[in-house]
Amino acid sequence: QEQLVESGGGLAQPGGSLSLSCVTSGFNFRTYAMGWYRQAPGRECELVAAVAANGAVTHTADSVKGRFTISRDNDKSAVYLQMNNLNPEDTAVYYCNAPTAYVQAKCVETFSLLPFHSWGQGTQVVVSS
């Protein structure tokens with residue numbers, strides 16, 4: 001069964017930056033597109049960014065365009081999200097998983113396209129002064 005371990009969250013001030021990492025195992029990472037989702041309090045799950053297996057960025061949500069950058073390292077089976085110029089609306093739990101167009105209201109209830117359909121625990125990001 002695959003494992004996805006997100007890290008790097010924490011408390012940031014408005015205008016600050018955080019770097020999220022997701023280390024994976026248990027599946028052929030280099031053949032899967034990957035993405036970052038977020039679940040903000042009281043809001044529906046949002047796919048914020050996605051990257052193809054070859055490293056090409058395929059999706060960046062309008063809400064984070066120009067501020068967030070997704071990348072991946074296939075040798076390390078890891079995907080990253082660099083978040084700059086954070087604002088309080090970025091407060092959320094952030095998850096990595098394969099991107100899908102069929103995002104449910106809750107991220108963890110979205111059908112994962114990974115072989116064993118797993119979700120990680122996510123990493124909490126809080127943006128507050």
Side-chain angles (χ1 to χ4, degrees):
Q1 186 167 355
E2 66 263 3
Q3 286 193 315
L4 307 103
V5 181
E6 300 93 346
S7 64
L11 176 64
Q13 291 191 339
S17 298
L18 285 173
S19 297
L20 305 186
S21 298
C22 172
V23 178
T24 74
S25 61
F27 66 104
N28 193 356
F29 177 86
R30 61 180 66 243
T31 67
Y32 281 83
M34 292 296 294
W36 282 95
Y37 298 79
R38 68 183 179 184
Q39 186 87 59
R43 299 178 65 178
E44 295 191 349
C45 180
E46 178 183 22
L47 176 65
V48 297
V51 60
N54 66 1
V57 177
T58 56
H59 172 74
T60 305
D62 288 343
S63 57
V64 305
K65 201 160 289 184
R67 301 186 299 120
F68 291 11
T69 303
I70 189 171
S71 61
R72 66 188 293 157
D73 185 332
N74 285 342
D75 291 335
K76 295 181 178 179
S77 298
V79 60
Y80 308 100
L81 188 67
Q82 177 65 41
M83 306 188 297
N84 298 328
N85 193 20
L86 287 161
N87 60 58
E89 288 70 41
D90 298 317
T91 294
V93 179
Y94 285 74
Y95 302 90
C96 68
N97 213 299
T100 176
Y102 303 100
V103 180
Q104 301 300 305
K106 293 184 179 180
C107 293
V108 296
E109 292 180 356
T110 297
F111 183 78
S112 169
L113 298 179
L114 297 180
F116 294 97
H117 319 303
S118 301
W119 284 84
Q121 295 298 309
T123 186
Q124 175 76 59
V125 171
V126 176
V127 183
S128 175
S129 55

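In what follows, every heavy atom counts, from backbone to side chain, and hydrogens, waters and symmetry copies are set aside.
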Checking [X] side chain against [Y] main chain: does a donor-acceptor pair fall under 3.5 Å?
X	Y	answer
Gln39	Ala105	yes
Asn74	Ala53	yes
Thr110	Gln104	yes
Glu2	His117	yes
Thr60	Lys65	no

Locate the shortest heavy-atom distance separating [X] from [Y]; write the atom from each residue and the value.
X	Y	answer
Ser129	Pro14	N-CD, 3.7 Å
Pro99	Ala33	CD-O, 3.3 Å
Arg67	Asn85	NH1-O, 3.0 Å
Phe29	Val79	CZ-N, 4.2 Å
Cys107	Trp119	O-CZ2, 3.0 Å
Thr58	Val51	OG1-N, 3.9 Å

Measure the spacing between [atom1] of [X] and [atom2] of [Y] and express it to the nearest 0.5 Å.
X	Y	atom1	atom2	value
Tyr37	Ser112	OH	OG	7.5 Å
Thr123	Trp36	OG1	CH2	7.0 Å
Gln3	Ser77	CD	OG	12.5 Å

[Y] and [X], any side-chain heavy atoms less than 4.5 Å apart:
X	Y	value
Asp90	Met83	no
Tyr94	Glu6	no
Leu4	Met34	yes
Leu114	Thr24	no
Gln124	Thr91	yes

Under 4.5 Å between side-chain heavy atoms, counting indirect links through other Ile/Leu/Val/Met/Phe/Trp/Tyr residues: same cluster for [X] and [Y] or not?
X	Y	result
Leu86	Ile70	yes
Phe68	Val57	yes
Leu20	Tyr32	yes

Q) Under the side-chain contact (heavy atoms from CB on, under 4.5 Å) criterion, do Tyr95 and Val108 qualify, and how do the steps go? A) CA-CA 9 Å; Tyr95 302 90; Val108 296; 3.9 Å; yes
Q: Given side-chain contact (heavy atoms from CB on, under 4.5 Å), test Val64 with Arg38 step by step and report yes or no.
A: CA-CA 11 Å; Val64 305; Arg38 68 183 179 184; 3.9 Å; yes
(Q) Between Ser63 and Glu46, do the side chains contain a donor N or O and an acceptor N or O under 3.5 Å apart? (A) yes
(Q) When you compare the side chains of Arg30 and Asn28, does any donor N or O come within less than 3.5 Å of an acceptor on the partner? (A) no
Q.
If you apply the rule side-chain hydrogen bond (donor to acceptor under 3.5 Å, both in side chains), what do you find for Ser71 with Gln82, and how did you get there?
A. CA-CA 8 Å; Ser71 61; Gln82 177 65 41; over 6 Å; no
